Each structure stands twice: as C-alpha cells, then as structure tokens.
Number of protein chains: 2
Amino acid sequence: MAGTEHRPISRGRVAKREAILEAAMRVFAQDGYPAAGIDRIATLAGVSKPTVYNHFDDKESLFRTVMRDGARRSATKITSAFDTRFGAADDPAGRPDIAEQLAEVAFLVLDCQLSDEGWTLQRLLYAEAARMPDLYDEVVGLGGVPVRNALAGWLARLANRGLLEIEDPEVAASQFMALIAGDLPAMSALGTRPISRSALVAAVDGGVRTFLRAFAPRRRSRAVQVRPPATSAGPSTVG
Amino acid sequence: MAGTEHRPISRGRVAKREAILEAAMRVFAQDGYPAAGIDRIATLAGVSKPTVYNHFDDKESLFRTVMRDGARRSATKITSAFDTRFGAADDPAGRPDIAEQLAEVAFLVLDCQLSDEGWTLQRLLYAEAARMPDLYDEVVGLGGVPVRNALAGWLARLANRGLLEIEDPEVAASQFMALIAGDLPAMSALGTRPISRSALVAAVDGGVRTFLRAFAPRRRSRAVQVRPPATSAGPSTVG
DNA sequence: AGAAAACTACACCAGAGGGTTTAGTTTTCG
DNA sequence: CGAAAACTAAACCCTCTGGTGTAGTTTTCT
C-alpha cells in the first residue's frame, strides 16, 4: 500500500520533491491540514497537481512526510548544536558558571522549539493527534525523545561531577524543559505572534533559577544571573 | 454584525441550544473544526440543520460559542473547587503537610485540565489559534488566567505564613503548573489515549517534590511523600 | 383561541477540494 | 539519437459542505 518510496526508481527530480514538501509545509502551516488544498500547494511549489500525486500517494501521505521530515530536522538541528557545544568530550567542571550553561542550553532548546517550524509542527501535531495517533508517536519519537535524551545525559554528567543533585536525569530533563518553556506558549499565542526578547530572557532566567534552587547542591547557592548567549540568533517569533 | 445574542428575544427553546452546543462540542472534538459538518452536528443534536442556523449565525460563531462556554465551564469548575477547599477563609498553617496540600491542588488542576473536555479544548485551540487569534485570547482569558490567579493567590498566602519562600507568586504558579503537567501531555498523546493513575501520581509526585525543593524554606527539608486525594474522581483519560 | 415564533423535512445551490485522465512536452540517460 | 520517465496544462468527476428557500407543523405566549 504505502511504502516510503512507492516509485521504485526515483532518478533526477529530487528538487521538485523538495519544493513540494516546502510548499506543503507552508500551506499546512497557514491553513491547517484539512483546509489545505493540494492545488495551492502545487501552485506554490511551481508544479502541476498531478506531479504532486506522482511524488506522494495522497494528501495524508504528503502530510505525514512533511511532519516526519520536520521533526527529524528539528531534532538533528538541536542535538547537533548541543553535541558540538556540550558533547561527551566536554568537561562541565571546566566551565565558569552552571547557571550560565543551563541558560545557554535553554536558549538552544527554545530557539528550536520556538522557531516558526517548531511551532508549526507543534500546532499541526496537536490538531491532528486525535485523528492520526501513530503519526503522533512517530513525531515524538523522532523529535522529542532524542532531545530529552541528550539533555538528560548532559544533566547526568553534571550530577556526576557533583555540580547538581539529581536523582533521575530523565525526570530532571523533563522538568527543566517544562520550567524554561513555562508561559512562553501562552504568551506567544502558540507561536502565532512575536515574543519580545526580554520576555524570553525573563522566562529562561526564571526557569533556570527555579531549576537551580531545586537541583543545586545543598550548600551555599550563589546568586544567579542569566543573559542570552550572543551566538544564538533569535528565531523570527523572538524579536 | 455579530452580537452574542442575534435573536432579540430568545424565549423557551434553551434546551435545543444546549443540545446543539453539546453535539457541536462532540463533533468538533472528533473531526476538528474544518472537517466537522453542520449536518452531523444537527443530526447528533436531534435537530434540523436550519434550526442550527436559527441559533447561530454561522459555523464559526457556533465554534466560538462552544470554545467560550467550554473555557468558562472548565475555569469555574476548577476555581470553585479550589475556593471551597483552599479559599481565602482557609488557614494553610492549620494543615498537616504542605506537600500533601500541593499534591491535592495538583490533582485538582490536572483532573480538570486532563479531562476529556479539557483536552478537547486544548487541541481545538491549538489547531485554530493561527486562524483565530482573538478567540485564543478570549479562551485564555476565560480559562487559563483565573486558574493561575487563584493558584498564585493561594501560593502567596502560603508564602506569607512562611511556609514557602516565593518571590513572585505569578511565576511560581506558572512553574508549579508546568512542573506537575510535565510529560503528561506527551504520555497521553494529548489526551487521545488513557493514562494510568500511577503515572499521574508519579508525575504529580515528581512535580511537587521539585517544586518544594525549590520553594520550601531553606531550613531542613523533610521527606516528601505524595498520595492522590480520595476525593477527586479521575477523569476518563485517567484510568 | 389565535397569532407569533420556532421547528421540521426536503430540496436546492454554489463552490471547493481530492483525485484522475488525457494528450502533449520536456528532461534524462543509455 | 531515441526511448523511457517525468512533467505540464486543462478538463473532468464526484463527493462533501456551508448555507438558503419553501412550505407546512408544532410549540408557546397572550
């Protein structure tokens, strides 16, 4: 019925496929899955409608591919950035301040999660989760799980160095993400309106502060000051 | 253009209106706003299609009413339960254990937020937020804000009694809700599959524990043990 | 009782959207 | 070059759906 590649030989025209996928992402983002029209997708992609059906079995297959690709792209984007900055070779003890590192990680995660594509994926996933439960599982497995695992591993290393007091790194990772996200979804109206950089900084600051109050070693807790890393360019929803 | 009551005199037939709204909620929940059909809503409500249009201007007006009513109902349900249990007349210092109180509040909030109606509202809101930003604001103002305010007020009272160390009750309330919700949305696939009661208890337990580690007074922190209150009947997604 | 309002069943319209077909053109590759 | 594959434009089919009109029936209020 539906293999990932239903055309046995797909030579040459990869560019069209990419164009279709990108246009589909945009139209789905704007109109939602049910209201999105193949005609509009085809037009936006600069392609005729039958060509769309030449690349994808049907509308749902196209949608699933868009979601899968997006989740994969988001996850690799964030995990790779995470690895180059806080990879296993990195020694957390050599860093100046834990709060600063946590804040940097927070901005790393949020810059991806709060990007246009991240929001779009979340909204579409929410909208269709009830009708496509398997797609939900797939996207979470591709997008959410790897990120949390990377974060949990890093937190565990911090804990091993005695820089944090963490019992269950998985739980701590979830809670860290929950804390730094906080009210941002509500404030940005699920990504449909821009959020000020200062609000973002405040959210991260508050989340990191609370996280440290909970997980810092019990001795003296020094004051926490957070500032956004200059390296991370803000996504378009974060002006 | 569109008043809340476009029929100047609406006598008598309130039952039909209720039936339509309830049927609409169900059909919207199942099919999503764009794919839902007025015909199906009318049939499910035991009403003819023109009657639907006699009560509501158009499909979007019906949808907005459904969302507004749902948000209001959810909010009053939770705030009233909260007030009767932890109202301003209540003296938090007279209670046995703060962890237990926090857990009780957590179950109160989650039982509402994770109910079928709560999930439905969230999914529909997510799905249409991009197309109806004003509806988003309205629903958040009706549903989310009052709950957070009630929670923040209660936390502030706890802090005044010296039972918690909280700088900003609003932030603490947000973080509390974020912590106790945690992975539950992902685990229940946004409410589309049941969640075990033990998982719910574990989530609340972890959230409350971390919250207390962050906000309990700095002196000795006694061990935290959480158990669900027997009074709160689990919603259907929480078996 | 009687009038007004609400409701019902049913037919109807117009538009849109998924998906296919046809016939002809361009690209690719051996 | 020449054939296979991919692409295009356009028309087409079919179903669904939002929304309306008509004509007759029930409810409700005075």
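Sequence lines set the chain letters: A, B, ... in the order given, protein chains first and strands last, and positions in each chain run from 1. None of the values given here were measured: they were computed from a predicted structure.
- The interatomic distance linking A:Asp58 (CG) with C:dG18 (P) rounds to 11 Å, in whole Å.
- When the side-chain nitrogen and oxygen atoms of B:Thr51 are compared with OP1 and OP2 of C:dT8, one or more of them lie within a distance under 4.0 Å.
- An OP1 or OP2 oxygen of D:dT17 is reached within less than 4.0 angstrom by a side-chain nitrogen or oxygen of B:Arg40.
- Counting non-hydrogen atoms under 4.0 angstrom, A:Ala36 reaches the backbone sugars and phosphates but no base.
- Between the P atom of D:dG18 and the CZ atom of B:Phe56 lies a distance of 15 Å, rounded to the nearest Å.
- Checking side-chain atoms of A:Trp119 against main-chain N and O of A:Leu114 turns up a donor-acceptor pair under 3.5 Å.
- Between A:Asp111 and A:Lys77 no salt bridge is recorded (no basic side-chain N to carboxylate O distance below 4.0 Å).
- Between A:Pro34 and B:Gly46, the residue anchored nearer the 5' end of DNA chain C, judged by the nucleotide with its closest heavy atom, is B:Gly46.
- Comparing D:dA6, D:dA9, C:dT20 by their closest approach to the side chain of A:Tyr53 singles out C:dT20.
- Across the protein-nucleic acid pair, A:Ile20 atom CD1 and D:dT8 atom P stand 8 Å apart, rounded to whole Å.
- Counting to the nearest Å, the P atom of C:dC7 and the CD atom of B:Glu18 are 13 Å from each other.
- Judged by a 6.0 Å distance limit and a 45° cone about the ring axis, A:Lys59 is not positioned over the six-membered ring of A:Phe28.
- For the atom pair CZ of A:Arg131 and OH of A:Tyr33, the computed distance is 10.0 Å after rounding to the nearest 0.5 Å.
- In this structure, B:Gln122 contributes its side chain and A:Tyr126 its backbone to no donor-acceptor pair below 3.5 Å.
- Rounded to whole Å, the distance from CD on A:Glu60 to C1' on C:dG18 is 13 Å.
- When each of D:dT8, C:dG19, D:dG18 is scored by its nearest atom to the side-chain atoms of A:Pro50, the top-ranked nucleotide is D:dT8.
- The separation between A:Asp39 atom CG and C:dG15 atom P is 16 Å, rounded to whole Å.
- Looking at heavy-atom distances under 4.0 Å, A:Lys16 makes contact with sugar-phosphate atoms alone, never a base.
- Across D:dC7, C:dC7, C:dG17, the shortest atom-to-atom separation from the side chain of A:His55 is found for D:dC7.
- When distances run from any side-chain atom of A:Lys49 to the nucleotides D:dA6, C:dA6, C:dG18, the shortest one goes to C:dG18.
- Atom-to-atom, CD1 of B:Ile41 to C1' of D:dC16 comes out at 15 Å; the value is rounded to the nearest Å.
- Between the CZ atom of B:Arg17 and the C1' atom of C:dC7 there is a distance of 17 Å, rounded to whole Å.
- Judged by atom type and distance alone, A:Lys59 does not reach the base of C:dG17 through any side-chain donor-acceptor pair under 3.5 Å.
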